[in-house]
2 protein chains.
Amino acid sequence: MAATIGDVARAAGVSRSTVSYALSGKRAISEETRDRIQAAIAELGFTPNAGARALATSQTKVLGLYLQFQEDEFAPAMLQYVLPVSTAARENGFDLLMVTDSDVAGAVKRTTSSAMVDGVVLLDVTYDDVRLEALREAVQPAVLIGYARNGEGFDSYDLDFGEAARLVVDHLAELGHRDVVLITPPRHVYDRGGSYAWRFRDAAIERAARYGIRVSSHYGDSRQPAIVEALDAALASSPEATALIIHNDATIAALPSYLHERGLHAPEDLSVVGVFSREFGQAFSLPFTSVETSPDRLGQEAVRRLIRRIAGDPDVGAPLVRFVEPVLVDRGSTRTLA
Amino acid sequence: MAATIGDVARAAGVSRSTVSYALSGKRAISEETRDRIQAAIAELGFTPNAGARALATSQTKVLGLYLQFQEDEFAPAMLQYVLPVSTAARENGFDLLMVTDSDVAGAVKRTTSSAMVDGVVLLDVTYDDVRLEALREAVQPAVLIGYARNGEGFDSYDLDFGEAARLVVDHLAELGHRDVVLITPPRHVYDRGGSYAWRFRDAAIERAARYGIRVSSHYGDSRQPAIVEALDAALASSPEATALIIHNDATIAALPSYLHERGLHAPEDLSVVGVFSREFGQAFSLPFTSVETSPDRLGQEAVRRLIRRIAGDPDVGAPLVRFVEPVLVDRGSTRTLA
DNA sequence: CTGAAAGCGCTTACAG
DNA sequence: CTGAAAGCGCTTACAG
């Protein structure tokens, strides 16, 4: 079968430990010996066995990525979080075990206690996340992408949705808007504890009050025809509204066709601001001003910190909750009121 | 740290081998002994170490899933292939290593020769897939989702795109259509060897000829505004066309808003047939008749066969190319011509 | 600069 | 029905 370190050692006429050290560079090897080892490795096509290495070092060089698939979710947005995590992991020499079990807590328990992974990346974090209890039992460090109330002890990376809302409201206030409709994530997102939903909404309402702006908040939906119905109802209930804030992937993705069906144009008839990433906007051809959600930045920063923890970097410090600063990207879908 | 099999053995007052056999059920254990072992396992929270087990058995119980991310790809469709593979793997006791390295052949080599995975699932297969050479060096079995010219020796699962095209053409022919526009995948898909592109197109043209139907074929695009421009150009070049066949995710996703912008209605002004999955249609609210692409079925069947090969099932037989039978789902977006 | 040996935590013939 | 021991393929103190 596959060549082992013993085969290489024999072919190079050295001991197995010398081969190992040549591989790791953890001690000096004479150039001549190293050359012979290199030749033997190339000749035999040797690659160290991952399981054996994991057993000897207690390190797998694998990160676990845990997704949580909710019913009624708008799946097309998911991959934009997965990819940056995968890329950042590889840049740091780690592979990725993708875990999608419906028994989410059991999956965390299973993969951590069997030492399949060196660290854990939690996606789709909810306010009371059941996976966190399983994670506390684990010896591996973890990082959350999202925010959980019971997340103490873990690093968390999330967009600052409060600040995102304030950016949007400030922007509309500057333009003179005084009556605004907000489409939030669907009700079930609140129910299952997607804190980004109310963090954005509460901040928007609070900030708007400061300007004397009226905000009419409505639940969006994730499937047609409910998406359109929710939009119709929201706009009908606020006929004077001059701006629309959309904090929901499915709704913003459907908005271009919705506006057309209703004969509306942004920003002439209605100013529109969304909350989505550049990649998402590009895939769905969204011509709207938005708050950039930066999934690539979140994923990359989260993974980097996790890996520093795994490495035992003494400078990492205490667990932190990092709320990444949002940025407003003006795509011209809002206008100044006369 | 974590409890080992030795800790369990000591706590239960038995040997390590007895604990191991109690776990695997590979030999009879007295009920009393088994109870003591169970108690010790529960007490200590023991889970076998995956690396040690892999080393001893030469089995990792992990499948590698290899994605290939192309520039200009319409990413939102990707996850519908990943999820069924993940689910099917878990149903059979396997976890999933998701590999997204840009050096795709190197990634296959690295993960297989280090024995990180027991088997390989290749996604985004191209006609001349560079990963296949790396795969031939591997001892692990593999399955392709898609079709490659150089895929001999491997199991392949793909939709029968030829038959899909014939279903669509037959359907339109029955309704009396004689002039049809076909939007194919973008040119770069052909360039990089996405065989589904020409397998569908060639079959559509051939079948149409049999009916005397004129097919005007045009490349679609994956980004706005090119998507719309491609549609405009295609329809302008065939003003007499009564039906539109869309074999491109990005274009079909944009079609509802496109039709509205152009004041067109399906099927009144134009009959429309797409090629997409139920999940995709649902996420994008597509009201079009379509050929179901069945990513869940492909993924599940591919994984099941792969796992039988891994298990060394003698009945698996020679590698096969399985073209899954497509089904036309009528959603009422085509009409009978007078 | 290099080697012999122990050990990581399992599984599985071999013995009884 | 159960145990002692070898072995999977690495890494890393320990010695020289």
Side-chain angles (χ1 to χ4, degrees), chain A residues 1-38 40-41 44-62 93 110-118 139, chain B residues 1-38 40-41 44-62 93 110-118 139:
Chain A
M1 300 284 293
T4 72
I5 199 171
D7 299 327
V8 174
R10 198 172 315 117
V14 298
S15 73
R16 298 187 301 156
S17 56
T18 299
V19 176
S20 178
Y21 283 118
L23 244 29
S24 67
K26 285 189 181 171
R27 79 179 183 193
I29 309 277
S30 77
E31 186 170 342
E32 190 221 322
T33 303
R34 194 182 320 119
D35 288 348
R36 285 212 315 281
I37 292 175
Q38 295 294 4
I41 287 176
L44 297 170
F46 167 72
T47 311
N49 179 284
R53 182 173 267 182
L55 183 57
T57 63
S58 301
Q59 279 217 86
T60 62
K61 288 291 185 178
V62 172
R110 179 173 61 80
T111 50
T112 55
S113 62
S114 63
M116 297 183 78
V117 299
D118 292 341
V139 299
Chain B
M1 299 285 292
T4 71
I5 199 170
D7 298 328
V8 174
R10 198 172 317 117
V14 298
S15 73
R16 299 188 300 157
S17 56
T18 300
V19 176
S20 178
Y21 284 117
L23 245 30
S24 67
K26 286 189 181 170
R27 79 179 183 192
I29 309 275
S30 76
E31 187 170 339
E32 189 222 322
T33 303
R34 194 182 321 118
D35 289 347
R36 284 213 315 281
I37 292 175
Q38 294 296 3
I41 287 176
L44 296 170
F46 168 72
T47 311
N49 180 284
R53 182 171 269 183
L55 184 56
T57 63
S58 302
Q59 278 218 86
T60 62
K61 288 291 183 177
V62 172
R110 178 173 61 79
T111 51
T112 55
S113 62
S114 63
M116 297 183 78
V117 299
D118 293 340
V139 298

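Quick note on labels: first sequence line is chain A, next is B, and so on, each numbered from 1. Just so you know, these numbers use all the heavy atoms, side chains as well, and skip hydrogens, waters and symmetry mates. All figures in this text were calculated on a predicted structure; none of them were measured in a lab.
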Subject >> Per-nucleotide protein contact string for nucleotides 9-16 of chain D (B base, S sugar-phosphate only, - none; heavy atom under 4.0 Å) >> reply: BBBBBB--
Original post:
Would you write out the dot-bracket form of DNA chain C, 5' to 3', with Watson-Crick and G-U pairs under 3.5 Å, [ ] for crossing pairs, | for pairs to other strands and . for unpaired bases?
Top reply: |||.||||||||.|||
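None of B/Asp7, B/Ile5, B/Val8 except one satisfies the side chain to side chain contact (heavy atoms under 4.5 Å, CB included) rule with B/Ile41; the exception is B/Val8.
In this structure, A/Ser58 reaches neither bases nor backbone, as no heavy-atom distance under 4.0 Å exists between it and the strands shown.
Applying the side chain to side chain contact (heavy atoms under 4.5 Å, CB included) criterion to A/Ala56, with sequence neighbours excluded, gives no partner residue. With sequence neighbours excluded, the residues forming a side chain to side chain contact (heavy atoms under 4.5 Å, CB included) with B/Ala50 are A/Ser114, A/Met116, listed by chain and number. Applying the side chain to side chain donor-acceptor pair (under 3.5 Å) test to A/Asn49 and every residue at least two apart in sequence or in another chain returns nothing.
The closest donor-acceptor contact from the side chain of A/Asp118 to the backbone of A/Gln59 lies at 3.5 Å or more, if one exists at all. A distance-only check finds a donor-acceptor pair linking the side chain of B/Arg36 to the backbone of B/Ala12 [under 3.5 Å].
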Please tabulate, one pair per line, all N/O donor-acceptor pairs under 3.5 Å involving side-chain atoms of residues 24-31 of chain B, not counting sequence neighbours.
| residue | atom | partner | partner atom | Å |
| --- | --- | --- | --- | --- |
| B/Ser24 | OG | B/Ser20 | O | 3.4 |
| B/Ser24 | OG | B/Lys26 | N | 3.2 |
| B/Ser30 | OG | B/Thr33 | N | 3.2 |
| B/Ser30 | OG | B/Thr33 | OG1 | 2.7 |

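Shortest non-hydrogen contact noted between B/Pro48 and B/Arg53 is CG-NH2, 3.4 Å.
The separation between A/Asp35 atom CG and C/dC1 atom C1' is 15 Å, rounded to whole Å.
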